[in-house]
Amino acid sequence: MDDLKSKYLGLIAAAADEAAIEDVRLGALGKKGEISLKMRELGGMSPEERQVAGPALNALKDEINSALAAKKAALADTALDERLRGEWLDVTLPARGRRTGTIHPISQVTEEVTAIFADMGFAVAEGPQIDSDWYNFDALNIPGHHPARAEMDTFYMHRAEGDNRPPHVLRTHTSPVQIRTMEKHGAPIRIIAPGRVYRADYDQTHTPMFHQVEGLAIDRDISMANLKWCLEEFVKAYFEVDHVDLRFRASHFPFTEPSAEVDIRCSWEGGTLKVGEGDDWLEILGSGMVHPKVLQNAGVDPNEWQGFAFGMGIDRIAMLKYGIPDLRAFFDSDLRWLRHYGFAALDVPTLHGGLSK
Ligand code: DAH
């Protein structure tokens, strides 16, 4: 019995992990364990022998069981200690500098434009970026042979042979949203439609995807005078100046009659742009009185309703206001550029709170 005891206590002491302990336990106390077998021998002993051997074996069994439990606990402690040592970290170290994202200038300017026109009673409308050539061209009085159609550098969607659906394009301007919104809501209507547009063009001032905001105001007696007032109010609010000179230049668009392109007075002194002073003029948008055919195509009776429309380049006016020289950088996702030109995420532009403060 003493031999068994010192054998198993020795094995327990030497066990290096839980699996080894389990092996020792099975060797001693498992079904075929050495001590279990000895206990089975008790049945064949004389009562006197059994009286001595029984308690002794039971005591041995208890002793080994508690040695096993103690060793298990000790191993667990060691493992925990090791883990704590490995996962230790110095909570007194200074924290890493907080890196917050920024609002892209295009998003910022879209919000600014929306805030200004919302104040004048314009709702925001949206349309699909992939549209049929009917909405993008024909409904806007740009028929198949019209040169404007070629000038737009249009991306056409691929069509499989035998596909009879009307041709679809990546919209070349936000003007198709005029048609879709009038179809849906009729007149009177007052909306702006900011969004992405696409043309196959790429240089310092052109990217194949860019942004426009369309404006549309239709009622019974809306005139060019209302257009001029709205645009003047817009430009003053947007550039955050008290006075701006706007120049309306006669122009041509198939979807407006008469049509005007609008320039703002500015100066380029020392290579920096200043709006509202100087002798230069900068084109910012196209506009005009909505052509009767366009109203008709959208299901609005041109004998009853009339109004103005305009289309402005968002990227363009963002470059002007925030002095961003190269349009392509807008879409490079260069983090240094984004940190420099981006806006704080919680500074939502409002007219009362300041647009770009
Ligand atoms: N759709 C024109 C373009 O992309 C811009 C434009 C001009 C829109 C005159 C209008 C408008 O609504 O009346 O060049």
Side-chain angles (χ1 to χ4, degrees), residues 103 105-124 173-175 190-194 204-205 210-217 222-253 256 258-290 307-327 330 341 343 347-357:
I103 300 296
I106 297 291
S107 307
Q108 171 76 16
V109 166
T110 303
E111 290 298 322
E112 292 181 19
V113 170
T114 304
I116 296 167
F117 280 106
D119 194 54
M120 293 192 249
F122 286 75
V124 172
H173 50 181
T174 42
S175 302
R190 222 187 286 180
I191 52 128
I192 58 164
Q204 191 176 344
T205 51
F210 59 106
H211 301 79
Q212 286 187 338
V213 57
E214 195 77 11
L216 176 70
I222 288 191
S223 73
M224 277 308 256
N226 301 115
L227 169 66
K228 188 154 190 270
W229 183 85
C230 280
L231 292 179
E232 272 168 2
E233 286 302 300
F234 166 73
V235 168
K236 281 190 288 186
Y238 176 71
F239 286 105
E240 301 175 61
V241 291
D242 294 330
H243 178 81
V244 264
D245 286 330
L246 283 191
R247 185 168 76 173
F248 280 64
R249 243 183 322 107
S251 180
H252 174 79
F253 299 103
T256 44
S259 306
E261 279 173 298
V262 176
D263 307 332
I264 51 173
R265 186 188 285 282
C266 64
S267 77
W268 280 105
E269 232 156 81
T272 51
L273 179 79
K274 277 220 177 95
V275 170
E277 57 181 67
D279 297 320
D280 281 322
W281 294 92
L282 218 131
E283 184 196 321
I284 55 163
L285 60 91
S287 64
M289 296 301 290
V290 178
F308 66 73
F310 61 85
M312 187 162 49
I314 291 185
D315 321 70
R316 190 50 135 39
I317 61 168
M319 290 168 80
L320 290 178
K321 181 168 179 180
Y322 295 111
I324 301 167
D326 192 324
L327 179 63
F330 274 117
Y341 287 110
F343 293 81
D347 290 349
V348 178
T350 59
L351 288 183
H352 55 273
L355 286 177
S356 58
K357 298 294 166 344

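We're numbering straight along the sequence, starting at 1.
Across every non-hydrogen atom of S267 and G278, the tightest pair is CB-CA, 3.6 Å. The minimum heavy-atom distance linking L216 with F122 is given by the pair O-CE2, 3.8 Å.
Taking 4.5 Å as the limit, every side-chain heavy atom of P194 sits out of range of all side-chain heavy atoms of V113.
The only member of L246, V241, L285 that meets side-chain contact (heavy atoms from CB on, under 4.5 Å) when paired with I264 is L246.
At least one donor-acceptor pair under 3.5 Å links the side chain of Q212 to the backbone N or O of T174. Remark: side-chain polar atoms of D119 are not paired, donor with acceptor, to backbone N or O of I116 under 3.5 angstrom. Although no hydrogens or angles enter the test, the distance criterion places no donor-acceptor pair under 3.5 Å between the side chain of R265 and the main chain of V244.
Applying the ring-ring contact (aromatic ring centres under 6.0 Å, His included) test to F234 and every residue at least two apart in sequence or in another chain returns F117, Y238. For E277, there are no salt bridge (Lys or Arg N to Asp or Glu O under 4.0 Å) partners two or more places apart in sequence or in a different chain. Checked against side chain to side chain donor-acceptor pair (under 3.5 Å), S259 has the following partners two or more places apart in sequence or in another chain: T256. For E214, there are no salt bridge (Lys or Arg N to Asp or Glu O under 4.0 Å) partners at least two apart in sequence or on another chain. For D280, the salt bridge (Lys or Arg N to Asp or Glu O under 4.0 Å) criterion is met by no residue, not counting sequence neighbours. Partners of F248 by ring-ring contact (aromatic ring centres under 6.0 Å, His included), not counting sequence neighbours: none found.
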Quiz prompt | Worked verdict on Q108 versus Y341 for side chain to side chain contact (heavy atoms under 4.5 Å, CB included) | solution = CA-CA 10 Å; Q108 171 76 16; Y341 287 110; over 6 Å; no
Self-check item: Full working for side chain to side chain contact (heavy atoms under 4.5 Å, CB included) between C230 and F308
Solution: CA-CA 10 Å; C230 280; F308 66 73; 4.0 Å; yes
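Under a 4.0 Å N-O distance rule, the pair E232/K228 qualifies as a salt bridge. Under 4.0 Å is where a charged nitrogen must lie from a carboxylate oxygen, and between R316 and E283 no such pair does.
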